[in-house]
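Computed from a predicted model, the values in this text were never measured in an experiment.
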Amino acid sequence: MVGLDTTIVNLALPSIQDDLDATPSGLQWTVDAYTVVLAGLLMLSGSMADRFGRRRTFQTGLLLFSLGSLLCGLASDTGSLIAFRMVQAMGGAMLNPVAVSIIANTFTDLKERARAIGLWGAVAGVSIALGPVVGGALVDSTGWQAVFWVNLPVAALALALTALFVPESKAPRPRRLDPVGQLLVIALLATLTFGIIEGPVKGWDSAPIIGCFTVVVAAAVSLIRYELRRVEPLLDVRFFRSPSFSGAIASAVCGFAALAGFLFLNALYLQDVKEFSPLHTGLLTLPMAAMTLVSSPLAGRIVGARGPRIPMVIAGAGTAACGLLLTQVRADTPIWYLVIAYVAFGIGFGMLDAPLTYSAVSGMPRSQAGVAAAVTSTGRQVGAALGVAVLGSVSTARVHGPFSSGFPGASHLGWAIMAGCGLAIVTLGLLTTGARARRPAEPGPEPAPGQPAERVP
């Protein structure tokens with residue numbers, strides 16, 4: 001449900017513009033408001049799930065996401081739609097990271113956990129890949145409201161199944177709340193996301209964007225210094241000493257930057273250059289979705305039997321191959337050539353989620369699985385924002401440049417950047433998935449009974 005929402009809304013934007021008389025900036029924030037709020041609250045939801053109960057937090061997220069989806073379909077203007085998208089994001093922040101935490105604490109055997117994460121990764125990956133197909137079909141047949149209301153029956157079923165089958169779990173000892181750390185995380189992620197998204201529009205040298213990145217740096221430095229002084233921090237930055245954990249976060253950023261950039265550029269190419277309808281555009285991504293469906297569970301089995309290195313390298317290689325193939329696209333590129341590129345990316349993206357999720361969770365103590373999953377999900381969201389901003393801006397800017405050769409030629413630099421993301425994943429897979437790298441990071445010292453929540457080492 002959350003994965004589908006990441007990509008399904010893009011196909012509905014033209015209909016939303018016609019129906020609600022939305023401005024271009026209103027359409028942009030219809031997508032961006034969800035990303036900003038989701039990225040800002042993921043850390044909070046992971047830590048709250050470890051503290052108050054993972055099943056309870058998951059059920060709360062389902063209810064909020066359903067409420068937001070219902071209200072989005074009833075929105076009568078752009079402002080209310082953007083506000084309801086923020087409600088949706090509040091619920092979505094409680095779902096994906098908490099789901100992984102539930103898996104990690106239910107399946108204590110490493111091989112069983114890897115297979116379970118592989119199945120979860122298959123569903124997540126395929127839902128993201130199917131977003132354009134489902135979105136095109138729903139908009140053409142029912143209207144833009146359907147891309148939100150399709151969540152309601154899924155959420156109802158999930159609530160029932162969670163109540164029946166998901167066991168409750170918490171961290172062994174409730175951790176102290178860290179409101180200052182949470183505010184710093186929100187400030188860091190919100191301003192970073194805003195700067196990445198708005199930079200191409202307002203100008204990278206404009207005062208608002210320079211101000212945003214100044215806040216990013218200040219918040220990052222303050223967060224590190226403050227959290228190192230906490231006995232029980234929201235995010236123990238010492239965990240980033242684990243190569244496995246750090247490599248997983250970096251891979252999540254690179255992989256989802258490639259995905260978001262691919263979906264953005266590919267939709268423009270197929271609809272503006274090839275002049276395909278939204279439904280036809282979505283159907284052409286089916287080869288990618290099919291290969292994701294096949295490779296995701298296979299990645300889980302490989303992780304369980306051989307560790308995360310092999311699927312991580314395959315994920316990067318498939319992403320790089322797709323990017324390199326698409327650097328040669330022209331207006332008359334045949335469909336069979338595009339399908340080969342889509343298949344390569346489907347294999348790569350399907351192989352990605354299971355090893356990076358397993359590496360992130362394995363790189364932290366099991367009691368901190370919710371935080372590990374939340375940081376990984378945050379990396380995905382930041383990567384998605386970065387992918388659209390960077391790949392989109394370098395391509396669209398060249399369309400209107402003095403030496404423009406049309407969108408196909410202008411997009412070549414964007415596809416080359418996507419290939420670079422794939423090569424970065426290959427490098428990270430080789431360097432951060434060895435036996436020594438997978439050793440969990442040591443947390444900070446636990447407080448003695450009655451000890452203050454803060455101390456200076």
Side-chain angles (χ1 to χ4, degrees), residues 1-38 41 59-96 123-124 126-160 197 260 263-264 266-268 270-272 276-286 289 381 384-385 388:
M1 188 169 64
V2 177
L4 198 69
D5 195 78
T6 304
T7 54
I8 195 174
V9 176
N10 293 296
L11 271 294
L13 291 179
S15 297
I16 292 174
Q17 184 176 33
D18 292 339
D19 197 17
L20 301 184
D21 195 25
T23 64
S25 62
L27 290 179
Q28 185 179 10
W29 279 109
T30 298
V31 178
D32 295 349
Y34 181 88
T35 304
V36 171
V37 173
L38 189 67
L41 295 181
Q59 290 171 317
T60 303
L62 285 169
L63 289 172
L64 271 177
F65 196 90
S66 302
L67 175 62
S69 298
L70 174 64
L71 294 174
C72 282
L74 297 174
S76 58
D77 57 73
T78 310
S80 60
L81 178 59
I82 293 170
F84 298 147
R85 285 283 283 166
M86 296 173 71
V87 175
Q88 237 189 340
M90 292 171 61
M94 301 181 189
L95 296 180
N96 273 12
V123 174
V126 171
S127 65
I128 292 173
L130 285 178
V133 181
V134 177
L138 289 174
V139 172
D140 282 357
S141 63
T142 307
W144 63 266
Q145 293 87 347
V147 303
F148 299 108
W149 289 342
V150 71
N151 296 318
L152 301 181
V154 179
L157 179 61
L159 278 168
I197 292 171
L263 292 174
F264 179 79
N266 189 60
L268 290 178
L270 292 180
Q271 295 188 56
D272 293 347
F276 293 141
S277 68
L279 178 58
H280 195 177
T281 298
L283 291 174
L284 282 174
T285 65
L286 277 176
Q381 295 301 318
V388 172

Could you tell me the separation between the [atom1] atom of [X] and the [atom2] atom of [Y], rounded to the nearest 0.5 Å?
{"X": "Leu81", "Y": "Gln145", "atom1": "CG", "atom2": "CD", "value": "10.0 Å"}
{"X": "Ser80", "Y": "Leu20", "atom1": "OG", "atom2": "CG", "value": "7.5 Å"}
{"X": "Leu67", "Y": "Leu152", "atom1": "CG", "atom2": "CG", "value": "9.5 Å"}
{"X": "Asp77", "Y": "Asp21", "atom1": "CG", "atom2": "CG", "value": "11.0 Å"}
{"X": "Leu283", "Y": "His280", "atom1": "CG", "atom2": "NE2", "value": "7.0 Å"}
{"X": "Thr285", "Y": "Leu270", "atom1": "OG1", "atom2": "CG", "value": "9.0 Å"}

Looking at Asn151, Leu95, Leu157, Val154, which hits side-chain contact (heavy atoms from CB on, under 4.5 Å) with Leu62?
-> Leu95
Do the ring planes of Phe148 and Trp144 sit parallel (below 30°), tilted (30 to 60°) or perpendicular (above 60°)?
-> perpendicular
Which pair of non-hydrogen atoms, one from [X] and one from [Y], has the smallest distance, and what is that distance?
{"X": "Val147", "Y": "Leu138", "answer": "CA-CD1, 4.1 Å"}
{"X": "Gln88", "Y": "Gly68", "answer": "CG-C, 3.9 Å"}
{"X": "Ala155", "Y": "Ser66", "answer": "CB-OG, 2.8 Å"}
{"X": "Gln59", "Y": "Leu159", "answer": "O-CD2, 3.8 Å"}

Validation row: Leu63, Met94 side chains within 4.5 angstrom (heavy atoms) = no
Would you check if Val9 and Tyr34 make a side-chain contact, meaning some heavy-atom pair closer than 4.5 Å?
-> no
Is the number of heavy atoms from other residues, nucleotides or ligands under 6.0 Å of Met1 CE greater than 12?
-> yes
side-chain contact (heavy atoms from CB on, under 4.5 Å) between Thr142 and Trp149, worked out = CA-CA 11 Å; Thr142 307; Trp149 289 342; over 6 Å; no
